[in-house]
Amino acid sequence: ELSFAASRIREGDLDSRLDENTRTSEIREVNMGFNRMARELAKVEEDRAVMLAGISHDLRTPLARLRLEAEMSVVDEEAMRNMASDIEQLDAIIDKFMDYARPGDTTMRPIPLAQLIDREAAAFRDPTQIRITSRVAIDLTVMADETELGRVFLNLFENARRYGRGTDNGVADVTVAYARTGPWVIVSVRDRGPGVAPEKLSHLTTPFFRGDAARTAATGAGLGLAIVEKAMQRMGGTLELANAPDGGLVAHIRLKRAP
C-alpha cells in the first residue's frame with residue numbers, strides 16, 4: 001500500500017493517503033508521516049499555483065501599459081516595432097512559465113487527431129519559416145485532453161520552427177506521421193534540421209536547457225519540450241526524442257487509441 005501510494009504521489013495525485021488506524025505502531029507511524037508529507041506537498045503545489053497566477057497578472061499589467069505608451073509616444077517606427085516585439089516576447093515567456101507550472105487536472109475524451117494537428121499547424125502561417133505536412137488519417141481518434149494535446153503539438157512545432165530549419169533554404173520542413181501499435185498510437189513529429197548531439201538528447205526536456213551553444217541566443221524560455229513531456233505524463237502517454245537516421249530531430253509521442 002505504501003509503494004502504491006508513493007507511486008500515486010509521483011504521478012501527481014497529492015490526495016493519496018494511507019490508513020492511520022493500523023494496529024502495528026511502526027506502520028502507523030510510517031503512514032502518519034507519509035500522510036503529513038502528502039498534505040505538505042499538496043499545500044506547496046497550491047501555493048505555487050496561486051503565486052504563479054499572481055506573478056502572471058502582475059507582470060502583464062505593466063507590460064500592457066508599456067506597449068500602449070510605446071505606441072503613443074515613440075516617433076521612430078522601427079524603434080516602436082522593436083519595443084513591441086520585446087514586449088510580445090516577454091508575454092510569450094510568461095505563457096511558457098504558466099504552461100509548465102499548470103496544475104495536472106486533465107479531461108480525457110476521444111479526440112480527432114488529424115483535426116487537432118491541422119488546427120495547431122494553422123497558427124504557423126509564415127511559409128518562409130516553417131512548412132508542416134500531416135500524414136495522419138482523418139478518422140484516427142485518441143484518448144487525450146484536448147487542451148493539453150494542443151499544447152503538445154504547438155510546442156513541438158514551435159521547437160521545430162526555432163531549431164529545425166534546413167541549412168539550404170532556412171525553412172523548417174516538418175512531417176507528422178503515425179503508426180498503430182496495439183492499443184497505442186505513436187505519432188512522430190520530425191524536422192530536417194541539424195539534429196542534436198546524441199549525448200544531449202536526454203537533457204532536452206530539462207527546463208531551460210538548450211541543445212547547443214547557438215541556442216543560448218534564442219528568444220524562448222527553454223521550456224517547450226519540458227512542457228511537452230509534462231503534458232504527455234498528465235495524459236498517461238510518453239515522449240521520446242531521437243535523431244532521424246538521415247538528419248533532423250524526431251519526437252515520438254505515444255497516446256492511447258480511442259475505443
Side-chain angles (χ1 to χ4, degrees), residues 1-58 94-111 113 141-153 155-156 180-187 201-209 221-242 251-259:
E1 288 179 1
L2 177 60
S3 175
F4 179 72
S7 296
R8 295 288 299 275
I9 291 283
R10 186 185 66 233
E11 292 167 3
D13 180 8
L14 300 181
D15 293 326
S16 185
R17 297 290 186 272
L18 292 171
D19 182 9
E20 295 185 4
N21 297 313
T22 58
R23 293 185 178 182
T24 307
S25 60
E26 291 91 341
I27 295 177
R28 185 167 60 251
E29 288 177 10
V30 169
N31 288 359
M32 290 173 66
F34 181 92
N35 291 345
R36 186 164 53 249
M37 176 198 71
R39 286 193 297 270
E40 290 173 358
L41 285 173
K43 182 65 167 59
V44 168
E45 184 68 19
E46 181 183 351
D47 290 347
R48 184 182 68 163
V50 171
M51 179 189 68
L52 285 168
I55 289 172
S56 172
H57 176 270
D58 291 347
I94 292 170
D95 280 339
K96 291 291 185 186
F97 277 108
M98 293 303 294
D99 281 346
Y100 185 73
R102 197 177 302 276
D105 294 336
T106 55
T107 303
M108 304 292 283
R109 65 181 183 85
I111 301 294
L113 188 57
T141 57
V142 296
M143 293 302 298
D145 180 287
E146 185 172 5
T147 301
E148 291 283 7
L149 191 56
R151 191 173 292 125
V152 164
F153 284 103
N155 280 283
L156 288 176
R180 292 185 176 97
T181 306
W184 299 95
V185 174
I186 310 296
V187 184
L201 277 170
S202 62
H203 300 293
L204 289 181
T205 55
T206 303
F208 314 115
F209 178 84
L223 284 172
L225 293 176
I227 290 169
V228 171
E229 183 177 59
K230 199 167 184 180
M232 291 305 301
Q233 289 173 350
R234 288 170 183 156
M235 294 186 290
T238 59
L239 166 70
E240 292 182 6
L241 299 169
H252 301 289
I253 62 172
R254 188 175 71 156
L255 296 156
K256 266 286 181 74
R257 290 175 62 182

Interatomic distance, [X] atom [atom1] to [Y] atom [atom2] [nearest 0.5 angstrom]:
| X | Y | atom1 | atom2 | value |
| --- | --- | --- | --- | --- |
| Met108 | Glu146 | CE | CD | 12.5 Å |
| Asn21 | Arg23 | CG | CZ | 11.5 Å |
| Glu1 | Ile27 | CD | CD1 | 9.0 Å |
| Glu240 | Leu201 | CD | CG | 11.5 Å |
| Glu148 | Arg234 | CD | CZ | 4.5 Å |
| Leu255 | Thr238 | CG | OG1 | 8.0 Å |

Shortest non-hydrogen contact from [X] to [Y]?
| X | Y | answer |
| --- | --- | --- |
| Arg17 | Ala38 | NH1-CB, 3.2 Å |
| Glu20 | Arg39 | OE2-NH1, 4.0 Å |
| Met143 | Ala258 | CG-CA, 3.8 Å |
| Thr22 | Arg28 | O-NH1, 2.6 Å |
| Val187 | Leu113 | CG2-CD2, 3.6 Å |
| Leu239 | Leu241 | CD1-CD2, 4.0 Å |

- Item | Test side chain to side chain contact (heavy atoms under 4.5 Å, CB included) applied to Ile227 and Val152, Asn155, Leu156, Thr205, the passing residue |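 Going through Val152, Asn155, Leu156, Thr205 one by one, the side chain to side chain contact (heavy atoms under 4.5 Å, CB included) with Ile227 is satisfied by Asn155 alone.
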
- Message: Measuring only between side-chain heavy atoms, which start at C-beta, is Trp184 closer than 4.5 Å to Arg257?
- Response: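 No, too far: nothing below the 4.5 Å cut-off.
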
- Task: Kindly determine whether Leu149 and Val142 satisfy side-chain contact (heavy atoms from CB on, under 4.5 Å), including the steps that lead there.
- Result: CA-CA 10 Å; Leu149 191 56; Val142 296; 4.0 Å; yes

